[in-house]
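One structure is given here, and the rest of the page talks about it.
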There are 2 protein chains.
Amino acid sequence: MTHQSAQPIEQVTTAADQVFVDLRRAIVEGGIAQGSKISEPELAKRFSVSRATLRDALNRLEACNLVERKANVGCRVVALTPERLIEVYQVRAALEGLACRLAAQNMTDEEIADIKGLLNKHLNEQRVKEGESYYQEAGDLDFHYRIIKGSKNEHLFSLLYHDLYQLVRMYRVQMGMTGPRVSKAFDEHLAIINAIANRDGELAEMLMKRHISYSMNNIENKFNAAQ
Amino acid sequence: MTHQSAQPIEQVTTAADQVFVDLRRAIVEGGIAQGSKISEPELAKRFSVSRATLRDALNRLEACNLVERKANVGCRVVALTPERLIEVYQVRAALEGLACRLAAQNMTDEEIADIKGLLNKHLNEQRVKEGESYYQEAGDLDFHYRIIKGSKNEHLFSLLYHDLYQLVRMYRVQMGMTGPRVSKAFDEHLAIINAIANRDGELAEMLMKRHISYSMNNIENKFNAAQ
DNA sequence: CATGCCAAGATTGTCGACAATTTGAGAAAG
DNA sequence: CTTTCTCAAATTGTCGACAATCTTGGCATG
């Protein structure tokens, strides 16, 4: 049971859950344009649910910072800006840095070995399907996911995974992340897991912060190139 | 206009807003017991609103981690445990540490002078009303609030202020924070603002992390003493 | 022509009722 | 006496309609 993907299937029991997941995907992947206004009656019809159910989903989207609401006015998808990108990534670096430090302290040897195996597997896959950014992104998310889980801090996990990650993905997907950074990110991942394996939390934290900072610069450049 | 309190009055326009604020207060201050189950029909009647409105408020409480929901089962107030205290304070330390580092970089000289004045004012008040923990808590919140605002990172502010702070207050209030730590906290605040005034972000970050760590230990001791 | 006001339309907030699901007490079987 | 099944009561999820608020276009007025 090792080396399998650690990304969990989200529990979707209610209709509002389903609308939330679908809407979130549409927003993150650009199906609904960033900054655009959201019409409750229109979307309710599109998803074949009542407005109450749709509003429930919108409330959750607001909680993960994917939409912004104003009372009696309405709801719009967040706008992607360089300023906001920096803000989000500063927070992300601090939190994932913490996750790394805790992971170095709390992960089991088996969990660490698992991640190493995962990286090897991804490396092989990547050699074959050069440039397939989807697999790269999935692999990257999986790596970060496991570190966060490895911190054994449920609150930290919830904050990163539910409140921050979809927003991060939104920037990455809509800025079209591909290219030469892929192989470099692998090396960085490797250095991080080695630091964790050595139980060097301080180093692991520093490497992760730097890794995320590089990633931010990469997206920032796309922004500047875009106009 | 200097030296006034910086804590903003929250915008409360809709009925759901009001219920949210009232319920949050009741949960944080213990009016509704930690860990207890929440009955939607009962609370709706108590606040004289429909269940839909109450559910809206519950959704927001869930977003700030004050209640936990399970689909088709219900909603209960979070339980205060030493483990969760540590988790929350680890996250808090990382985020407020970041806030300090950014504040040292981004606060204006005027804003810094304002906080210094605030601390002096609180010190005087505190000498007169020795042991009045309410004022101390308000002052403490005000101090931290201004640092966070001073980071000029809106996302960080939102995360700390909306998603984490009420939970922190819940631990503080329900564990009955008073006593000899009050005067020591003042000195720590002073050291932090001095580091920021010197534009020494690294030191400010470290001092803040330590300050929060002390605060956590203090609450943890109350836990141990409580049983 | 610019500016402020007003009404009509559209959008959001709130409600009470109905449907789906869970829970728990009690009966039946072992 | 214990265990399992059943069914009714209670609770949550969903809906469609109504009330309150905001927006917008046109009209009157200076």
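Not measured: the values here are computed from a predicted model. We name chains A, B, ... by the order of the sequence lines, and we start the count at 1 in each one. Computed over heavy atoms, backbone and side chain alike; hydrogens, waters and symmetry mates excluded.
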A/Phe47 CZ to D/dT14 P, straight-line distance once rounded to whole Å: 14 Å
Aromatic ring proximity, centroids under 6.0 angstrom, B/Phe47 and B/Phe20: no
Nucleotide D/dA10, atom C1' - distance to CD of B/Glu40 in whole Å: 12 Å
Under 4.0 angstrom between A/Thr53 side-chain N/O and D/dG13 OP1 or OP2: no
Distance below 4.0 Å between B/Thr14 side-chain N/O and C/dT12 OP1 or OP2: no
Whole-Å gap separating P (C/dC15) and CG (B/Asp56): 11 Å
Short side-chain donor-acceptor distance under 3.5 Å, A/Asn153 and B/Gln90: yes
Candidate list B/Lys45, B/Arg76, B/Arg69, B/Arg46, test salt bridge (Lys or Arg N to Asp or Glu O under 4.0 Å), partner B/Glu40, passing option: B/Arg69
Comparing A/Cys75 and A/Ala52 on DNA chain C - which has the more 5′ nearest nucleotide: A/Cys75
Residue closer to the 5' end of DNA chain D, A/Val73 versus A/Ala15 (nearest nucleotide): A/Ala15
A/Ala71, nearest nucleotide to its side chain (from D/dT12, D/dC15, C/dG13): C/dG13
Distance in angstrom units between B/Asn59 CG and D/dT12 C1', rounded: 12 Å
Interatomic distance where CZ belongs to B/Arg51 and C1' belongs to C/dG13 [whole Å]: 17 Å
A/Ile38 CD1 to C/dT11 P, straight-line distance once rounded to whole Å: 14 Å
Rounded distance in Å - CG (A/Asn72) to P (D/dA19): 17 Å
D/dC22 OP1/OP2 closer than 4.0 Å to side-chain N/O of A/Lys37: no
A/Lys70 side-chain N/O to C/dG13 phosphate OP1/OP2 under 4.0 Å: no
Euclidean distance, atom CZ of residue B/Arg76 to atom C1' of D/dT12 [Å, nearest integer]: 15 Å
Geometric class of the B/His144/B/His211 ring pair [parallel <30°, tilted 30-60°, perpendicular >60°]: parallel
Test ring pair (Phe, Tyr, Trp, His ring centres under 6.0 Å) applied to B/Phe157 and B/Tyr165, step by step: CA-CA 10 Å; B/Phe157 170 76; B/Tyr165 245 72; 9.4 Å; no
